[in-house]
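A quick write-up on the structure given underneath.
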There are 2 protein chains.
Amino acid sequence: MRRSSTETKAVILAAARERFAADGYDKATIRAIAADARIDPAMVMRYFGTKEKLFAAAAEFDLELPELPADQAGVGLVRHFLRKWEADEGLQVLLRTGVTNEAAAERMRTILGGQVMPLVISLTGDPERAPLRASLVASQLLGLALSRYILKFPPMVAATEEELVAWLSPTIQRYLTE
Amino acid sequence: MRRSSTETKAVILAAARERFAADGYDKATIRAIAADARIDPAMVMRYFGTKEKLFAAAAEFDLELPELPADQAGVGLVRHFLRKWEADEGLQVLLRTGVTNEAAAERMRTILGGQVMPLVISLTGDPERAPLRASLVASQLLGLALSRYILKFPPMVAATEEELVAWLSPTIQRYLTE
DNA sequence: GTGCGAAGTCAACAAGTGTTGGCCTACAAT
DNA sequence: ATTGTAGGCCAACACTTGTTGACTTCGCAC
């Protein structure tokens, strides 16, 4: 039984996302990805050309930040971030490899500048301090993901979504409005 | 000109720290470390046995958290963390590889439990919520390091120590006392 | 000077990596 | 039934990695 070209490409991409998210760029082997997709490693090269290009495709990512009332931005951002992380492997892919890979780090900077900053500007109407505000917000949210999902600090793993929202949202709110 | 055994071992360890901090465990090659130390790769093995053991030695780390008056803990912790990061490569070594290496992640959990938590307990006198409080503090401080030193978000890189202390210390203070 | 042990080098290994090119083989159109 | 083509596989390449063991050389004690 044979798969269509687009089908196979999608299967490979899904397997790649999973592996990159779980293991990071270097430890996610073309052979391992191919095995997950039940396919020969050569096919991965045929469809994506190169491991770097495969990663670029797997790291495609949109935060899909919602419009938010300014006084609930903190709560909304923390909750949205947590749900996005758990629903979409893209963020984990980027964080897992951005730490040791300049291209992935650059991608995260681009997301900060292209997706987070515009929201902060529209929320605060203050283009001057928006870059710093956006970075501070990102620092706390990425720190959350790091300690809960990557380093797995036990209290962060045990905490519920609502507890985390309650603790972190005032921080985010202050970074946006103070 | 020949070096003594202990001298050589120290030179290797210093080179290893630098490489592990800059590149992470996998990309920091025994050969690269040896070249930095102007020595044959075989010597590294002779002195440390194995790459894993060399890493364990290079990742030895003490936060050296100071005693702090409870009402200035936020300011003190942020400032101490920033200075410690810049003075000692140990933290960078751990963060750069903890993201894709379970042993290093475990080490960070140990530091959280063995060094941060005790301070939080002595600061708050509340052993019940100390684990969560300590984790929240760590999440913001590690997020800071991540965005400033690893991902290099431009506004975080440009900010001065005092600006960062001013922004982050209320957060830390609240995680400790609220 | 002669040894001898410690400090250092060299060459090679086995395993794993991304990547390539040639070869099959199923399937739909003719 | 034949055949062309697109999907798939296999074996091998060139290279890098950690690691090993045999060999060399320096410098001090006698």
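Predicted, not measured: the structure shown is a model, and the values here were computed from it. Below, chain A is the first sequence line, B the second, and so on; all start at residue 1.
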Between B:E178 and B:R133, does any NZ, NE, NH1 or NH2 come within less than 4.0 Å of an OD or OE carboxylate oxygen? no

Are the side chains of A:T50 and A:K53 in contact, using a 4.5 Å heavy-atom criterion? yes

Quick one: do A:R107 and A:E102 make a salt bridge, cutoff under 4.0 Å? no

Sort me out a list of protein N/O and nucleotides 20-22 of chain C N/O pairs below 3.5 Å, or just none if empty.
none

Please assess A:Y175 against A:S135 for the test side-chain hydrogen bond (donor to acceptor under 3.5 Å, both in side chains), listing each intermediate value before the final yes or no. CA-CA 9 Å; A:Y175 291 159; A:S135 302; over 6 Å; no

Using distance only, find each side-chain donor-acceptor pair of residues 62-76 of chain B under 3.5 Å and give its atom names and separation, not counting sequence neighbours.
residue, atom, partner, partner atom, Å
B:D62, OD1, B:E64, N, 2.9
B:E64, OE1, B:K84, NZ, 2.4

Residues forming a salt bridge (charged side-chain N to carboxylate O under 4.0 Å, His left out) with A:E52, sequence neighbours excluded: none

Can B:R96 and A:T100 be said to form a side-chain hydrogen bond (donor to acceptor under 3.5 Å, both in side chains), step by step? CA-CA 7 Å; B:R96 266 260 160 68; A:T100 46; over 6 Å; no

Would you say a side-chain N or O of A:T50 is under 4.0 Å from OP1 or OP2 of C:dG18? no

Are A:L136 and A:I172 side-chain neighbours, meaning at least one heavy-atom pair lies under 4.5 Å? no

Expressed as a whole number of angstroms, how long is the span from A:M43:CE to D:dC10:C1'? 13 Å

Please work out if B:F48 contacts a base, only the sugar-phosphate, or nothing of the nucleic acid, heavy-atom cut-off 4.0 Å. nothing

Can you measure A:I39 atom CD1 to D:dA6 atom P for me and round it to whole angstrom units? 17 Å

Tell me, which of residues 4-21 of chain A have any heavy atom that sits under 4.0 Å from an atom in DNA chain D? A:S5, A:T8

Table of protein N/O atoms under 3.5 Å from nucleotides 15-17 of chain D N/O atoms:
residue, atom, partner, partner atom, Å
D:dT17, OP1, B:T29, OG1, 3.0

When every non-hydrogen atom of B:L132 is compared with those of A:M156, the smallest separation belongs to CD1-SD, 4.3 Å

Roughly, in whole Å, what's the span from CZ in A:R3 to C1' in C:dT25? 16 Å

One thing to verify: whether A:E86 and A:R148 come together as a salt bridge, which I'm taking to mean a side-chain N less than 4.0 angstrom from a carboxylate O. yes

Atom-pair distance (CZ on A:R38; P on D:dC9), nearest Å: 12 Å

Please, which pairs that meet ring-ring contact (aromatic ring centres under 6.0 Å, His included) have at least one residue in residues 51-110 of chain A, sequence neighbours excluded? A:F20-A:F55, A:Y25-A:F55, A:W85-A:Y149

